[in-house]
Amino acid sequence: MRNYIEELRWRGLLHDSMPGAEEQLAKGPQRGYIGFDPTADSLHVGNMVQIMMLVHFQRCGNTPIALVGGATGMVGDPSGKSSERNLLDEDALRHNQACVQAQLERFIDFTGTNAAELVNNYDWFKDMGFLRFIREVGKHITVNYMMAKDSVKNRLETGISFTEFSYQLVQGYDFYWLYKNKGCNLQMGGSDQWGNITTGTELIRRMGGEEAVSNPAFAITTPLLTKADGSKFGKSESGNVWLDAKRTSPYKFYQFWLNVGDEEAAKCLRIFTTWEQERIESIERDHKKLPHLRIIQRELGRDLTARIHGDRAMNHAVVASNVMFDEEAVDGLLTLSREDLLTVFEDVPSKEIERSTFESGVSIVELLCDKTGFLASRGEAKRALKEGSISMNKRKVGDGVSVTSSDLLNGDLLLLQRGKKNYFLVKVVG
RNA sequence: GGGGAGAUACCCAAGUGGCCAACGGGGGCAGACUGUAAAUCUGUUGUCUCACGACUUCACAGGUUCGAAUCCUGUUCUCCCCA
């Protein structure tokens, strides 16, 4: 059986662990949990590190427990937040939980010998009255202890509500509950969760009695992944990169990985794939020989896109990327069937235009602006044409061009392009 | 309550009667280079017009003037100081 801590170490996933955690894991299969916030109805790339922690945990023979924070999501974690959060209502939370659960099932095995388990802390909190909570749980932790946590300290100047102040106790109780009821004595999380997790182990120590002495609870945290420039990993220009295809299409998802910088890409390969060290190092060597091919990024993109959206969607994303960015694919574009064209450009904004428009020819400016709305104004369209940034069916066009039926691909499609990355598809109807 | 400063385009910020569609910087977009990268260089960044040019725009509403972002009056908002 592979050693979980060793695995985390070489993959660069280990930031900190409580003394004794490694020894405990060496004793045999363990149960460990990670909490996920149901603040949206989809997980995003930023959650992937924690998902992979559970994946590796399971691969090492342990039993992962994924906790959906139905209750904690109603409170709001002050960690890393500079201001008070808005509370979600119960309906929204329920919906989000269901979606998050479905996504987790794509990564972790919920069947078999060490089947993963999914729990929702709302289930043990919904009937817990306030008085019972402060008597049974709050009694064991001092305010002094709670105030010493960074997440709280950082908010003392600007203010923190009692609700968010209590957050660590609520999360701490989760750990205790899982320890008591599910035999779970390990909690994992990002390094920003250290404070919350240790409140949990502290609570277990104080509430767990004899058992907690012979079988203590441990914490393991992962480093926070950042880009080379220090900014948050997992965001594109257009915001979060989601796992839900409705929010981030497979094409955009694939593109995100393709555009990861070299420094992060090597790290990502270790963190996000389950490949062996040898294979990863071999890919890295190949990449270094021919960096412009961006072998790491392509491997990453293919693996992750396939795992989340399936092989079919991944292949579409790869083909679409080739057509859109490979200059040599220009001729290929002309030979693609209408169906393939529509698949390749399914992500591209499009508009239907009457066939009659093209019969006597339409000026390129009018087409770019008035007819399609691709560019905001005629002035902008002319400017872009003058700058040489407009292409039609992958060929540069200048001002004064008139577009006719003979320019249409397959007789009814026209591909407009500004720069390298902005496409617009005209569908001719009628 | 009294006194002072200010409100300019996506952001910061110059401009205090015509040379202002408005300096400069950031950001955005594009071009060159390249690896769909980084760095760098270049162009561009109110609307309409092929263009001359026209129109709208400097918190809001009026006014003075041949002419206002710029002067006057009022309104709203922001900041600072004194009580």
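Not measured: the values here are computed from a predicted model. Here is how names work: the chains are called A, B, and so on, in the same order as the sequence lines, proteins then strands, and each is numbered from 1.
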(message) So, under a plain 3.5 Å distance rule, would you say the side chain of Q255(A) forms a donor-acceptor pair with the base of rU36(B)?
(response)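 Under the 3.5 Å cut-off, the side chain and the base do form a donor-acceptor pair.
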(request) Pick the C1' atom in rU45(B) and in rA9(B), then give their distance to the nearest Å. (result) 10 Å
(message) When the P atoms of rG62(B) and rU57(B) are compared, how many Å lie between them, rounded to an integer?
(response)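 Each nucleotide's P atom is 11 Å from the other's.
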(request) Please determine, for the side chain of N422(A), which listed nucleotide (rC29(B), rU47(B), rU36(B)) has the closest atom? (result) rC29(B)
(message) Say we look at rC23(B) and rC11(B): how far apart would their P atoms be, to the nearest angstrom?
(response)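 The same atom, P, in both gives a distance of 16 Å.
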(request) Tell me the partner of rA83(B), counting only Watson-Crick (N1-N3 plus N6-O4 or O6-N4) or G-U wobble (N1-O2 and O6-N3) with both under 3.5 Å; none if nothing fits. (result)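 Check on rA83(B): unpaired, no WC or wobble geometry under 3.5 Å.
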(request) Provide the distance between the two P atoms, one in rG67(B) and one in rG18(B), to the nearest whole Å. (result) 15 Å
(request) Would you mind telling me which of rA30(B), rU49(B), rU36(B) lies closest to the side-chain atoms of S389(A)? (result) rA30(B)
(request) Identify the residue among Q50(A), Q168(A), Q171(A), Q187(A) that makes a side chain to side chain contact (heavy atoms under 4.5 Å, CB included) with Q193(A). (result) Q171(A)
(request) Could you tell me whether R94(A) and D91(A) have a side-chain N and a carboxylate O separated by less than 4.0 Å? (result) no
(request) Using a cut-off of strictly less than 4.0 Å, decide whether K421(A) has a side-chain nitrogen or oxygen near OP1 or OP2 of rA37(B). (result) yes
(request) Just call it for D262(A): base, sugar-phosphate, or nothing, with non-hydrogen atoms closer than 4.0 Å on any strand. (result)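 If one applies the 4.0 Å heavy-atom cut-off, D262(A) turns out to touch a base.
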(request) Would you indicate whether the side-chain heavy atoms of E284(A) and I296(A) approach each other to under 4.5 Å? (result)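 Side chain of I296(A) against side chain of E284(A), heavy atoms only: contact under 4.5 Å found.
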(message) Heavy-atom nearest nucleotide on RNA chain B for A384(A) versus L293(A): which residue maps closer to 5'?
(response) A384(A)
(request) Determine the Euclidean distance between corresponding P atoms of rU40(B) and rG25(B); express it in Å to zero decimal places. (result) 14 Å
(request) Using Watson-Crick or G-U wobble geometry with both distances below 3.5 Å, tell me the partner of rU75(B), or none. (result)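 Partner of rU75(B): rA59(B).
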(request) Could you tell me which nucleotide pairs with rC19(B) by Watson-Crick or G-U wobble geometry, both distances under 3.5 Å, or answer none if nothing does? (result)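 Matched rC19(B) with nothing under the 3.5 Å cut-off.
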(message) Regarding K252(A) and Q255(A), do their side chains bring together a donor and an acceptor under 3.5 Å, going by distance alone?
(response)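 No, no side-chain donor-acceptor contact under 3.5 Å.
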(request) Tell me what G261(A) touches on the nucleic acid: a base, only sugar-phosphate, or nothing, going by heavy atoms under 4.0 Å. (result)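 No contact.
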(message) Exactly one of D412(A), L414(A), L413(A), I353(A) should register a side chain to side chain contact (heavy atoms under 4.5 Å, CB included) with K427(A). Which one does?
(response) L413(A)
(message) Taking rC55(B) as the reference, what is the distance to rU49(B) when you measure between their P atoms (whole Å, please)?
(response) 16 Å
(request) For N259(A) and rA38(B), give me the distance from atom CG to atom C1', rounded to whole Å. (result)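 So the CG-C1' distance, N259(A) to rA38(B), works out to 12 Å.
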(request) Just compare rG35(B), rU36(B), rU47(B) and give me whichever is closest to any side-chain atom of S377(A). (result) rU47(B)
(message) How many whole angstroms separate atom CG of L385(A) from atom P of rU49(B)?
(response)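 Going from CG in L385(A) over to P in rU49(B) covers 13 Å.
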(message) Counting only side-chain nitrogens and oxygens, does R378(A) get under 4.0 Å of the OP1 or OP2 atom of rU49(B)?
(response)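 For R378(A), the contact criterion (side-chain N or O under 4.0 Å from OP1 or OP2 of rU49(B)) is met.
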(message) Over all strands shown, is R294(A) touching base, sugar-phosphate only, or nothing at heavy-atom distances under 4.0 angstrom?
(response) base
(request) Report which part of the nucleic acid Q297(A) touches: base, sugar-phosphate, or nothing (heavy-atom distance under 4.0 Å, all strands). (result) base
(request) Using only heavy-atom distances, decide whether a donor-acceptor pair under 3.5 angstrom links the side-chain of K420(A) to the base of rU34(B). (result) yes
(request) Pick out which of D347(A), T305(A), V319(A) makes a side chain to side chain contact (heavy atoms under 4.5 Å, CB included) with Y251(A). (result)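 It is D347(A), the one option of D347(A), T305(A), V319(A) that forms the side chain to side chain contact (heavy atoms under 4.5 Å, CB included) with Y251(A).
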(request) Assign L258(A) to base, sugar-phosphate, or nothing according to its heavy-atom contacts below 4.0 angstrom with the strands shown. (result) base
(request) Provide the distance between the two C1' atoms, one in rG46(B) and one in rU56(B), to the nearest whole Å. (result) 8 Å
(request) Measure from CD on Q417(A) to C1' on rC29(B) and round the result to the nearest Å. (result)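 Taking atom C1' of rC29(B) as the reference, CD of Q417(A) is at 14 Å.
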(request) Considering just the side-chain nitrogens and oxygens of K382(A), establish if one lies under 4.0 Å of OP1 or OP2 belonging to rC50(B). (result)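 It does, given that an N or O in the side chain of K382(A) lies less than 4.0 Å from OP1 or OP2 of rC50(B).
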(request) Please report the closest heavy-atom contact between F110(A) and E117(A), naming both atoms and the distance. (result) CE2-C, 3.9 Å
(request) Please determine, for rA32(B), whether a Watson-Crick or G-U wobble partner exists with both distances under 3.5 Å, and give it or none. (result) rU40(B)
(message) Rounding to an integer number of angstrom, what distance separates rC58(B) and rC71(B) when you compare their C1' atoms?
(response)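 The answer is 15 Å between these two C1' atoms.
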(message) With nearest nucleotide decided by heavy atoms, which residue, D370(A) or Y254(A), maps closer to the 5′ end of RNA chain B?
(response) Y254(A)
(request) State whether the distance check finds a donor on one side and an acceptor on the other, under 3.5 Å, for side chain E387(A) versus base rG43(B). (result) yes
